[in-house]
*Asks:* 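Got a structure here, written out as structure tokens. Questions coming.
Just so it is clear: chains get the letters A, B, ... in the order the sequence lines come, proteins before strands, and each one is counted from 1.
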2 protein chains.
Amino acid sequence: MVTFEEISPADFFYRNRDIAGFTSPSRAIFSSIRELVENSLDAADVASSPPQIYIRLSQEDAEETGLETGVYTLRIGDNGSGVPARHIPSAFGQVLFGSKYKLKQTRGTFGLGGTMAILYGQITTHKPVKVKSSTGTSKTYEYKLTIDIQRNRPIILDRKIHRNKKQWRGTIVEFSLEGDYFRAMPKILEYLKQTALVTPYANITFVDPRGRLYVFTRATTKMPPPPKETLPHPYGVDVETIQRLVCVTKFRNMLDFMHKHFHRVSENRARSFLEFAGISERKDPRKLKPHEIVKLVRMMKKFNGFFPPDASCLSPLGEELLKTGILKELKPEFIAVSQRNPATYSGHPFIVETAIAYGGEIPKKDDILVYRFANRIPLLYDEASDVSVRVIKSMNWRRYKVTPDMPIAILVHLCSTKVPYKTVGKEFIADRPEVKGEILNGIREVARQLQRFLTKKEYVQKEKRRLTIFSKYLPKIARFSTDLAGKEKEPNIEVLLGSVKKFEGEED
Amino acid sequence: MVTFEEISPADFFYRNRDIAGFTSPSRAIFSSIRELVENSLDAADVASSPPQIYIRLSQEDAEETGLETGVYTLRIGDNGSGVPARHIPSAFGQVLFGSKYKLKQTRGTFGLGGTMAILYGQITTHKPVKVKSSTGTSKTYEYKLTIDIQRNRPIILDRKIHRNKKQWRGTIVEFSLEGDYFRAMPKILEYLKQTALVTPYANITFVDPRGRLYVFTRATTKMPPPPKETLPHPYGVDVETIQRLVCVTKFRNMLDFMHKHFHRVSENRARSFLEFAGISERKDPRKLKPHEIVKLVRMMKKFNGFFPPDASCLSPLGEELLKTGILKELKPEFIAVSQRNPATYSGHPFIVETAIAYGGEIPKKDDILVYRFANRIPLLYDEASDVSVRVIKSMNWRRYKVTPDMPIAILVHLCSTKVPYKTVGKEFIADRPEVKGEILNGIREVARQLQRFLTKKEYVQKEKRRLTIFSKYLPKIARFSTDLAGKEKEPNIEVLLGSVKKFEGEED
């Protein structure tokens, strides 16, 4: 006797929360903090104001010490765009509801993370979440919610409206969860540190359960241009996308349909394409039959007259910001950065940025230190499975004069309208050939610059040693020669040394 | 201006189909076949009859050759338990609807796979799926369906009822999809081969687009006992689980509640636990307040008087079946198998089975050949990220007298009520400490047996060489000695050789 049943998406992710990054009590605390911080940073991008993020994790149950996991209250506040009142319950109390379903570069990807954190808190502590938010209007809204997991619906326990006298704008989320903070602590601090590295215009404050204060102060108020929403590209569509466009389009002819709904398709290009595809310009898109839609999609993929997606919708870090961040955090002796030209995979534009840092305060490790970022968020887990690490391991570093004992760090940042995450938990990036190729070329570029630096350094060292030898023996030779020649006065060594010196300031 | 919207789970997996294993045209064909084959095998388990599975992949568009991807029709038929008519539309046309939501060892895990395959077919070909099924009653039902992705609902285009004169029972699914068969072919054939290895009681027939027939004939009709549904274990519950039980329980006191709803909790044990937790036996579970539920869960995790989950609900392969399958497929010179005792992680019981095979027809490779299985399905992707491969790489194989050039294959099978997959695409198993530990011990066990074999083999080789040397020189020595001693008759070499022989049958 087989029972068939339906489960809600909340129930699905409840049962399979490993898939969303909530594998263990320590991982759950980490994932909760990261998901909410990323939401706050995205909200700051929308508001175009330098983020101010305050994170407080306090322990609830002092008497439970001795157990590995404790009950914590997590409170995160920001000054971002805020959530409109009517959307607050669903944004936090419903899975698969959110603002991340546009074609745009955002940190949050699946519209899951924040709600997953709250769901996890609920199933471990049975306590509701408190959300307070305002979009800068005259009112601030405060909700107390739980999630009906089986129906995937928020249950509103309480709602308050306050007058927003100071015209505050932002969101504060507070909920309780069971977790293992002390095991998670190193990863949480590393996460905040790396987030500060790539977001140097953000002020982030973290108060941990022991009352310790971690402050990451902004180094600049200059924000990069925010990412923009973009239209789908012809190379990246399928039958379903076209079907949906056809249902909602207000255009009544194929020429306008192609020209207005897709990225970088001018009227002329639309005209050439329709001719290639054998479709009349005047045809009403709503009259396309199923097999015609299939043919249209196939023609769109075949037609090589479309311009590749441009990356004007993307917001990479930029070489200056990369350098600033790395100098601030790692204090290396040498640094090289590179931003690749925009590329695409499956119709999605992406940009790879790489950096390599050597020496200074970089610790010596057995392996090269790798910092991975995607859409400005640090990736801290499953390093071995990540495409960047695979690329680095596949390179012949001796070619670049790098030996295993050298203190080296490599940074890779990928931004795209769709980061090819392998998992919902955003642990690592999958092996897409186009992405892999760009990462390889980006690392090679900065590795070459490092090689030139190391070669010169090696040369300078050689010259130093050579000069040291001269300094050591020349005086003796001078004296002996003087004696031999029966002269009284020794020649001036300094002049001689000066003539063999290749670089200024060689003596230490 | 931020737009908030809700998306359905079908829409979610449509937009993130990579996560479900539909990353590329070749992977999509592979995933479609594997998901439907796994559904058929699970259905055969339910029906307790040896599976008969027929797979036909035919190419639709002969004129599209030249392109890498083609349009295929995939048809899979089985003799399993069938799907009740009223559930057919949802089982195939709705995501997160299925029979896999019980606590039971099944191949299908997420209730997603089959519908994902059909969804993928729809978005690439715009064609409906045809499903024909009967549970062995007097009627057979035939549906033509599409999926309304935005609503996650099936759309029934046609429905026919036939008289089931032959009392057929089973399911036939047929749909079209775009894919790259030729790139997928090696993985598909490997998948079928490995499935046949661990399911030697199944008849599997595959007709590929070129009309080639691949038949995997059953070696036995003996089926292992099917997996059984089980109750949750006290160590594996959370607040949500208790809350749901409280809402549906028909028991009015905590003693019965604990005794009947959980795995291996006898009345006495329930009594001890309630005493430990400070909860009255007579308390009505429906009257538990939220903070009491939280306390109950915490106490259940703390109480160490519960028996660990037993594995009677699980259905491992068994040493005989493992040996049979490996001998049939790999024809090795030596084989060792091991089944570990049941263990648990997070309240889920699991059993690890390992096997090692050496020589014979096993190919020589740079690395050890690894076959990974979970709940009787082969795992063919992301080997490097899998816990078994990590364990194998971490072992010091010299200890076991294994050198890099030896032809060795290792097989690992994990069965559990919940396989800790890292991804919805079921590519590899995550690094759970308890699971990792059991796999390590299981491999060590069979490695030790291999070591003994290799040691003996080495010894036998040494003895052979020693005997060869004796055979070579003893006759000469005998003759010379005879001459020297002035004798006529040489001693009988055979007797001498026989006395130094250590093993029977040493000469080839």
*Asks:* Please classify the contact between V294(B) and chain A as side chain, backbone, both or neither, with a heavy-atom cut-off of under 4.5 Å.
*Replies:*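 For V294(B), the side chain is the part near chain A, not the backbone.
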*Asks:* Counting only heavy atoms closer than 4.5 Å, note whether K127(B) contacts chain A via side chain, backbone, both or neither.
*Replies:*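 No part of K127(B) comes within 4.5 Å of chain A.
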*Asks:* Closer than 3.5 angstrom, by distance alone: can the side chain of R15(A) be matched with the main-chain N or O of F110(B) as a donor-acceptor pair?
*Replies:*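 It does not hold such a pair.
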*Asks:* Sort I293(B) into side chain, backbone, both or neither according to what part of it lies under 4.5 angstrom from a heavy atom of chain A.
*Replies:*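 Answer is side chain: those atoms of I293(B) sit under 4.5 Å from chain A.
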*Asks:* Do you know which two heavy atoms are closest between T125(A) and V239(B), and how far apart they sit?
*Replies:*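 Closest pair (atom of T125(A), atom of V239(B), distance): N-CG2, 4.4 Å.
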*Asks:* Quick one: what part of E229(B) sits under 4.5 Å from any heavy atom of chain A, side chain, backbone, both or neither?
*Replies:*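 Neither part; nothing is under 4.5 Å.
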*Asks:* Listed by chain and number, what are the salt bridge (Lys or Arg N to Asp or Glu O under 4.0 Å) partners of D382(A), not counting sequence neighbours?
*Replies:*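 For D382(A), the residues satisfying salt bridge (Lys or Arg N to Asp or Glu O under 4.0 Å) (neighbours in sequence not counted) are K422(B).
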*Asks:* Shorter than 4.5 Å, heavy atoms on both sides: which option in G98(A), P9(A), S385(A) has the most such pairs with chain B?
*Replies:*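 Result: the option with the highest number of such pairs is G98(A).
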*Asks:* If the threshold is 4.0 Å, N to carboxylate O, is there a salt bridge linking R17(B) and E240(A)?
*Replies:*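 Salt bridge: no.
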*Asks:* Considering only heavy atoms, which portion of T423(B) lies under 4.5 Å from any heavy atom of chain A: side chain, backbone, both, or neither?
*Replies:*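 Backbone plus side chain of T423(B), per the 4.5 Å heavy-atom cut-off to chain A.
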*Asks:* Report which part of D18(B) has an atom under 4.5 Å of a heavy atom belonging to chain A: side chain, backbone, both, or neither.
*Replies:*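 The side chain, not the backbone.
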*Asks:* Checking I242(A) against chain B: side chain, backbone, both or neither under 4.5 Å from a heavy atom?
*Replies:*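 Neither part, no heavy atoms under 4.5 Å.
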*Asks:* Select one option (side chain, backbone, both, neither) describing which atoms of A91(B) are under 4.5 Å from chain A's heavy atoms.
*Replies:*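 Side chain only.
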